[in-house]
Amino acid sequence: MLGPVILAASRSDRMRRLISAAPVTKQVVDRFIPGEDVDDIVPVVRDLTDQGLELTMDVVGEDITNPAQAAAARDAYLELVDRLKPLELGTRAEMSVKLSMFGQALQDGHELALKNVRPVVEAAAEIGTTVTLDAEDHTTLDSMFAIHEELRKDFPQTGCVIQAYLFRTEADARRLAASGSRVRLVKGAYKEPASVAYQDKHEIDRAYVRILRTLMEGEGYPMIGSHDPRLIAIGQELAHRAGRKPGDYEFQMLYGIRTEEHLRLAAEGHRMRVYTAYGTDWYGYFMRRLAEKPANLRFFARSMITKG
């Protein structure tokens, strides 16, 4: 399987230098990451929302090694909120954050990440939108869920992400579905050991369906994070069985992947949110997109051959 190999490469400085230096890389990266700063992203927000789509925005970057970098990540999100304010989009444009960017892995990282993310959640609420806490590798999740619970005391609309390939997730979904929270379900894109995660694609898909059923039958707001046509169809059927209308759940897909499907779902009246990342520290995000789906890797390889 190529996925684990690519995920290992995402942590390799040598591979980072090699891929970053390839002449074709920027063109390919632009498919998934439409800009490097907030000035680049505002026109993208306008364009997507004009097409009836919604967004969740991610300022990419995870290799935080000191508190100053974590504070800079906080400030980048606060700048994004400031630029979204005059657009008056409300929840049509929300934000996704990785707590690693806010210092979670540093000394006293749990407290530092909470201290840094809270102003972002507060600022988002002031302009009528919200924040979703992304899931990272399994060692970070207890901290993420604790921060999520703490933030929801004052900002109950704060969302979180759960990953179908982890054994623990079915129990997490039952807990979250009963709480009225916003929950994005994804398959998972980190290299996890067999002791904590399913390794077989079919087992992951089956777990995804079980967990999605739990979310649809619960009291929360499910967010279906998948590009898989079969899982999208199953999600619609589970929503119907649970008596949910299109506004009672939403689909989420990555910017640059299955764009026509984004528009089709929106045209059918579904809430369709595009996960849109931007920033200069794009390498880790880009490599996980390649690892998640073989078609992404083939696209990159063809481009390297034909244009490199």
Side-chain angles (χ1 to χ4, degrees), residues 1 3 52-56 91 94 96 132-135 138 141 159-190 192 196-276 288-297:
M1 294 176 64
L53 300 169
E54 305 186 19
L55 296 90
T56 185
T91 58
E94 65 155 47
S96 288
T132 295
L133 307 183
D134 277 338
H138 77 279
L141 294 184
C160 70
V161 177
I162 57 177
Q163 302 167 102
Y165 67 171
L166 294 176
F167 300 150
R168 65 172 288 169
T169 301
E170 291 191 56
D172 289 331
R174 287 191 294 271
R175 172 176 55 83
L176 291 165
S179 70
S181 60
R182 299 167 57 257
V183 183
R184 180 197 306 148
L185 174 63
V186 299
K187 289 185 180 181
Y190 291 82
E192 297 285 12
V196 302
Y198 298 108
Q199 306 296 308
D200 179 76
K201 177 185 182 302
H202 298 295
E203 288 184 329
I204 296 170
D205 286 352
R206 287 192 289 268
Y208 192 104
V209 173
R210 292 194 302 270
I211 296 162
L212 185 55
R213 180 182 294 112
T214 296
L215 296 178
M216 287 293 184
E217 293 175 352
E219 299 174 5
Y221 179 78
M223 300 180 282
I224 305 169
S226 178
H227 306 95
D228 187 327
R230 180 171 170 270
L231 292 179
I232 290 168
I234 289 172
Q236 290 176 290
E237 177 60 25
L238 290 175
H240 176 72
R241 292 181 185 178
R244 290 181 179 265
K245 296 180 173 60
D248 297 334
Y249 62 97
E250 68 183 49
F251 294 99
Q252 295 193 6
M253 300 186 196
L254 296 171
Y255 179 92
I257 300 179
R258 300 200 72 202
T259 301
E260 292 183 359
E261 182 70 357
H262 302 177
L263 297 172
R264 184 189 72 81
L265 288 167
E268 290 183 355
H270 294 285
R271 295 191 73 179
M272 173 61 232
R273 193 176 301 275
V274 183
Y275 191 107
T276 307
R288 279 196 301 281
R289 301 296 76 77
L290 297 184
E292 283 175 349
K293 193 173 183 181
N296 296 342
L297 180 60

*Looking only at heavy atoms, which two atoms of E192 and Q199 are closest? And how far apart?*
O-NE2, 3.1 Å
*Would you say Q163 and Y190 make side-chain contact, with heavy atoms under 4.5 Å?*
yes
*Kindly compute the distance separating CZ (R264) from CD1 (I232), expressed to the nearest 0.5 Å.*
7.5 Å
_Side-chain touch K187/D205, heavy atoms, less than 4.5 angstrom_ = yes
*Would you call Q236 and H240 a side-chain contact if the rule is heavy atoms closer than 4.5 Å?*
no
*Would you mind telling me which of T56, L185, V161 makes a side-chain contact (heavy atoms from CB on, under 4.5 Å) with Q252?*
T56
*So do the side chains of M223 and R182 get within less than 4.5 Å of each other, counting heavy atoms only?*
yes
*Looking only at heavy atoms, which two atoms of A164 and A207 are closest? And how far apart?*
O-CB, 3.6 Å
*side chain to side chain donor-acceptor pair (under 3.5 Å) between T132 and E94, intermediate numbers included*: CA-CA 8 Å; T132 295; E94 65 155 47; 3.0 Å; yes
*asked:* Between D248 and K245 (salt bridge meaning N to carboxylate O under 4.0 Å), is one present in this structure?
replied: no
*asked:* For A173 versus I211, what's the shortest heavy-atom pair and its separation?
replied: CB-CG2, 3.6 Å
*Can you name the nearest heavy-atom pair linking H262 to L254, along with the distance?*
CE1-O, 3.4 Å
*Compare all side-chain heavy atoms of R184 with those of D134 and state whether any distance is below 4.5 angstrom.*
yes
_On a heavy-atom basis, which atom in M216 and which in R244 lie closest, and how many Å separate them?_
O-NE, 2.8 Å
_Spacing of T169 atom OG1 and L176 atom CG [to the nearest 0.5 Å]_ = 10.0 Å
*Is L231 close to I224 at the side-chain level, that is, under 4.5 Å between some pair of heavy atoms?*
no
*So do the side chains of P229 and E261 get within less than 4.5 Å of each other, counting heavy atoms only?*
no
_Taking every non-hydrogen atom, the tightest pair across Y249 and A239_ = CE2-CB, 3.4 Å
*Is there a donor in the side chain of R271 and an acceptor in the side chain of Y221, or the other way round, less than 3.5 Å apart?*
yes
*asked:* Check this for me: E260, atom CD, are more than 12 non-hydrogen atoms of other residues, nucleotides or ligands nearer than 6.0 Å?
replied: no
*asked:* Side chains of L166 and L141, heavy atoms from C-beta outward: is any pair under 4.5 Å?
replied: yes
